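First up is the structure itself, then whatever we jot down about it.
Excluded from the calculations below are hydrogen atoms, water molecules and symmetry mates; all remaining heavy atoms, backbone and side chain alike, are included. Whatever order the structure lists them in is the order used to number ligands and atoms, beginning at 1. Fair warning: this is a prediction, and the values are worked out from it, not measured in the lab.
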Amino acid sequence: MNDIKPIFSECSEPLYIAGPCSAESRNQLLTTARDIAAAGVKVLRAGVWKPRTKPGSFEGIGREALAWLREAKEEYGLSVITEVATPEHLEYALEAGVDGVWIGARTTTNPFATQQVADALRGVDTAVIVKNPVIPDVDLWVGAIERIYNSGVRRIAAVHRGFGTHQTSQYRNAPHWSVPIELHRRIPALQILSDPSHIGGRRDLVAQLSQQALNLGFSGLMIECHNCPEEALSDAAQQITPATLRDIIGSLKLRRTPVESNVLGDYRAHIDSIDSRIIELLAERMDVAREIGRYKQQHAMAVVQHDRYNELLESAEARAEFMGLSRSFINQIYSAVHEESVRQQLEIEKK
Ligand code: PEP
Ligand code: MN
C-alpha cells in the first residue's frame, strides 16, 4: 500500500481537522465553521449520523445537516468531512459534495460493515479516514484500511482515537500508543492523525494529548470543537471552543525534521515505541496489583507480603544480570514499581 496519498495534499502537515462532534443546527455549524477557519484550520468535521452507545441519545440530524456542511464549504472555503457507516450514508454525503468521509471506530470494528462501505466507494475519488477499531487490534485496523484500498481509493488516512477499556483511567479511551506506531511501521505511506478529544474525553486533556501525538510524529490532529461546548448534544465534556483551539494550535511545538531523513529519528521512533510498551505494561501491572489488593482486602490479608517481595526482587535482579543490566538499576526500578503497587493497594483499603 505504498502508493497511498495524503488525504488533502493542499494542506501542509501537521494537518488539523476540527469541528463539532455533531452538526446540530445551521447556526451552530456555520458559526463554528467560521471561527475554525479564522483559527487557520482548513478541514471541517461534523457528524451527521451519530453512532451512540445507548438508544435514546441524540443520533444526529441526518441527511438534512449535509446542506449546512455544503454551506460551510462554500462560505468559508473549508474542506468538509463527515462519518459514514452505510452505503446509503456515503451516497447522500457524496451527493452533498463532501470532500471526504470517515469510518468510525465502531464500523472499523465490524468487517461486514466496512466492506459494504468499501464496495460503495469503488470508482469514487474522495478522501477516506479510517478511525481505529474499538479494540486495540492492529490487524483489524490494517484490514479495514486494506478494504478501502482494494476498492481503489488512494487518499486514505488513519485516525487514532484510543481504545475502549473497562479499566478506570483518566482517559475515556486508552491511547495504547504502540498500536498506531505499529500501524505506521506497517504502512509508512499512511498519514496517521490523533484524536485527542475521544482519547481524553475531557477538554482539559486536549492540549497535552495533542502535543504528545506530535512528539510521536503523527501527521496531524482531529479535534472536536463547538461554538458552545457546554450545550453540545453529544460529547459535551470533550469539545473545546474555537478560541481554545486557536490557542492550542498556537502553542503546539512542532518537530519539523522528517524522521525519514535522519537516522536519529529512526532510533527515537523505536525508543518511543518501546517506551509506550513499557508504560502500557506498567499500567497493566498496576491493574493486576489492584485486583490483588481487592483480594487481600476481602480475605483480611496484609497488603505487604515481605517474602513475596524479596523473592520477586531476587529473581528480577538475577534475570536482569543475565540480560546484561546491573542489579542496582533493576533494584531501583522495582523499588519504585513496588512502592506504587503498595500505594495503589492502600488506596483500595481507603475506599
Ligand atoms: C466522532 O468522531 O464523533 C466519533 C463518533 O468517533 P469514534 O468513531 O471515534 O467514536
Ligand atoms: Mn464525538
Within the 4.0 Å heavy-atom cut-off, what M222 brings close to ligand 1 is neither

closest protein heavy atom to atom 10 (O) of ligand 1 is R161 NH2, 2.8 Å

Please lay out, stage by stage, how R343 and E339 fare under the test salt bridge (Lys or Arg N to Asp or Glu O under 4.0 Å).
CA-CA 6 Å; R343 195 188 65 76; E339 197 182 313; over 6 Å; no

Kindly assign one of parallel, tilted or perpendicular to the pair H89 and W49, based on the angle between their ring planes and the thresholds 30° and 60°.
parallel

Is the charged tip of R34 near the ring of Y76: under 6.0 Å from the six-membered ring centre and within 45° of its axis?
no

Any nitrogen or oxygen of E83 lying under 3.5 Å from a nitrogen or oxygen in ligand 1? Just yes or no.
no

Per-atom filter on ligand 1: closer than 4.0 angstrom to a heavy atom of G104 are 8 (O)

Which of the numbered atoms in ligand 1 are under 4.0 angstrom from any heavy atom belonging to E224?
1 (C), 3 (O)

Donor-acceptor pair, distance only, cut-off 3.5 Å: does the side chain of T31 make one with the backbone of N27?
yes

Is L94 close to V124 at the side-chain level, that is, under 4.5 Å between some pair of heavy atoms?
yes

Short N or O distance, D195 and ligand 1, threshold 3.5 Å exclusive:
no

When you compare the side chain of F8 with that of R155, does any pair of heavy atoms fall below 4.5 Å?
yes

Kindly confirm or rule out a cation-pi arrangement of R52 over F58, judged by NZ or CZ under 6.0 Å from the six-membered ring centre and within 45° of its axis?
no

Would you mind running through ligand 1 and noting each atom that sits below 4.0 Å from a heavy atom of K50?
1 (C), 3 (O), 5 (C)

Considering only heavy atoms from C-beta outward, does the side chain of S79 approach that of K42 to under 4.5 Å?
no

For atom 2 (O) of ligand 1, grab the closest protein heavy atom and report residue, atom and distance to one decimal in Å.
R45 NH1, 2.7 Å

Closest approach of any protein heavy atom to atom 8 (O) of ligand 1, naming residue and atom
A105 N, 2.8 Å

Regarding R327 and E314, does a basic nitrogen lie under 4.0 Å from an acidic carboxylate oxygen?
yes

Mark yes when over 12 heavy atoms from residues, nucleotides or ligands other than N310 sit less than 6.0 Å from its CG; otherwise mark no.
yes

What's the OE2-the Mn ion (ligand 2)-SG angle here (E224, C21), rounded to 10 degrees?
90°

K131 versus ligand 1: do any nitrogen or oxygen atoms come within less than 3.5 Å of each other?
yes

Counting each atom of ligand 1 from 1 as listed, which ones have a heavy atom of W102 under 4.0 Å away?
2 (O)

At the Mn ion (ligand 2), what angle lies between atom OD2 of D235 and atom NE2 of H198, rounded to 10 degrees?
80°

Please list the nearest protein heavy atom to atom 4 (C) of ligand 1 with its residue and the distance rounded to 0.1 Å.
H198 NE2, 3.6 Å

Check whether any heavy atom of C21 sits under 4.0 Å from an atom of ligand 1.
yes

